[in-house]
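The structure under discussion appears below in the form of structure tokens.
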Amino acid sequence: MAGLAASQFGLYTHAVVRAIPKSLCAHALRTDTEKSVEFARSVQQHEQYITALRHTLGLNVVELPADEDLPDSPFVEDTAVVCGGTALVTRTGAPSRRREVEAVKKALQDLRLNVVEMTDESATLDGGDVLFTGREFFVGLSKRTNQRGAEILADAFKDYAVSTVPVYDNLHLKSFCSMAAPNLIVIGSSEGAQKALKTMQQMSDHRYDKLTVPDDAAANCVYLNVPGKGHVLLHRAPEEFPESVKVFEKLKDHMLIPVANSELAKVDGCLTCCSLLINKKNDP
Ligand code: GLY
């Protein structure tokens, strides 16, 4: 199981995103019920994210319309796992989110991906629990994702090893980690994040470099490898996580794009949550 060549990791041509419904403010699922989401600000921040993908990085962005009946639907990452030409449409852990997959499935079919559906009613999986390193998958076992979900993912992506990682104190595995380069895992400093990293290191026969940031939430970044630009990292804005941004600024080979995400973060939305990234470069 060799995995992707490092030069291929993070190459994308398309992104699927979904507009924010007003219902997100009152009805999106959240772990902290005290904070209130400012709708206009959430839309402005989401537009900044989409603009970075579309205009700064040149991706073809498929923007699905908002659906007021689906308050968590901007978090498209949870509804599918896309790797190569295959898209596994998930069975989300939260029953209130299951209908989100319908529009996403259609968009992925329209992009002519090989769409596989998770039909087993004992399985749950949120894409936020899936960390793809280019060599292998780590799947967080959380309140949203179970062992059967991880098994179905392993079946869909047979070219890659799949290891499971218990997730404590956080919604998803990627609530506190992500990739920042082909061999580089960004990880938060909390006990739960460090414990999960240790498990990943024990499960893998590869030695990853790590970049530790003080804030778990800032460890969720979007990495892309953009022709003509090289390593690109969308990360949380300095006004949100100044100490973590100082760590990113040490990445001298990266183009850094700060993106504010304070509003969606109030309903547990991270940067990776808001897009599905797809590479159709190798299509016939
Ligand atoms: N609000 C995102 C989620 O709980 O799935």
Side-chain angles (χ1 to χ4, degrees), residues 15-43 45-46 49-50 64-82 88-105 118 123-131 139-146 149-150 153 165-178 188 190 192-193 196 215-222 234 236 240 259-277:
V16 176
V17 301
R18 192 160 190 177
I20 302 175
K22 287 204 177 69
S23 60
L24 174 136
C25 302
H27 300 298
L29 301 172
R30 66 200 78 195
T31 43
D32 180 350
T33 51
E34 296 298 307
K35 297 175 183 158
S36 62
V37 179
E38 281 179 47
F39 179 68
R41 196 152 179 232
S42 72
V43 170
Q45 293 178 344
H46 196 239
Y49 176 91
I50 294 169
L64 302 177
D67 185 332
E68 292 297 337
D69 291 337
L70 299 172
D72 284 291
S73 54
F75 307 126
V76 288
E77 174 182 60
D78 291 322
T79 62
V81 178
V82 184
L88 172 66
V89 172
T90 64
R91 188 166 180 278
T92 58
S96 65
R97 300 196 56 189
R98 301 247 163 93
R99 279 191 40 240
E100 291 175 28
V101 301
E102 291 165 17
V104 174
K105 182 174 111 183
M118 191 173 272
T124 61
L125 184 120
D126 280 10
D129 276 315
V130 179
L131 180 70
V139 178
L141 297 182
S142 67
K143 290 195 181 83
R144 298 288 179 84
T145 296
N146 65 16
L153 181 136
V165 186
V167 173
Y168 307 104
D169 310 329
N170 260 299
L171 180 64
H172 289 131
L173 177 65
K174 283 191 291 188
S175 302
F176 53 78
C177 68
S178 61
S190 72
D215 310 287
D216 277 11
N220 179 284
C221 305
V222 180
L234 270 71
R236 296 291 294 275
E240 299 179 338
V259 185
N261 190 48
S262 60
E263 298 315 297
L264 294 184
K266 292 173 183 169
V267 289
D268 303 317
C270 303
L271 294 180
T272 61
C273 297
C274 294
S275 58
L276 281 166
L277 299 175

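Keep in mind that what you see is a predicted model, and the values were worked out from it rather than measured. In each ligand, atom 1 is the first atom listed, and ligand 1 is the first ligand listed.
Taking every heavy atom of V267 and a limit of under 4.0 angstrom, the matching atoms of ligand 1 come to 1 (N), 2 (C).
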Query - Derivation and outcome, side-chain hydrogen bond (donor to acceptor under 3.5 Å, both in side chains), residues D78 and T92 - result: CA-CA 7 Å; D78 291 322; T92 58; over 6 Å; no

Requested in this report: Take D216 and S190 through the test side-chain hydrogen bond (donor to acceptor under 3.5 Å, both in side chains) and record every step on the way to the result.
Outcome: CA-CA 7 Å; D216 277 11; S190 72; 2.6 Å; yes

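Counting heavy atoms from C-beta outward, L131 and C177 have side chains that approach closer than 4.5 Å. The shortest side-chain heavy-atom distance between R18 and D67 falls under the 4.5 Å cut-off.
In this comparison of D72, T31, D126, the heavy atom closest to atom 1 (N) of ligand 1 sits on D72.
The shortest N/O to N/O separation between R97 and ligand 1 falls below 3.5 Å. For a threshold of 3.5 Å applied to N or O pairs, the pair formed by D78 and ligand 1 contains no separation below that value. Considering backbone and side-chain atoms together, L29 places an N or O closer than 3.5 Å to an N or O of ligand 1. In terms of polar-atom proximity, F75 is not counted as a contact of ligand 1, lacking any N or O under 3.5 Å from an N or O of the ligand.
Looking only at heavy atoms of the protein, atom 4 (O) of ligand 1 is closest to R144 NH2, 2.8 Å.
The existence of a salt bridge linking K105 and E102 is excluded, since no basic side-chain nitrogen approaches an acidic carboxylate oxygen closer than 4.0 Å.
Residue T145 forms a side chain to side chain donor-acceptor pair (under 3.5 Å) with just one option from D129, D126, T124, and that option is D129.
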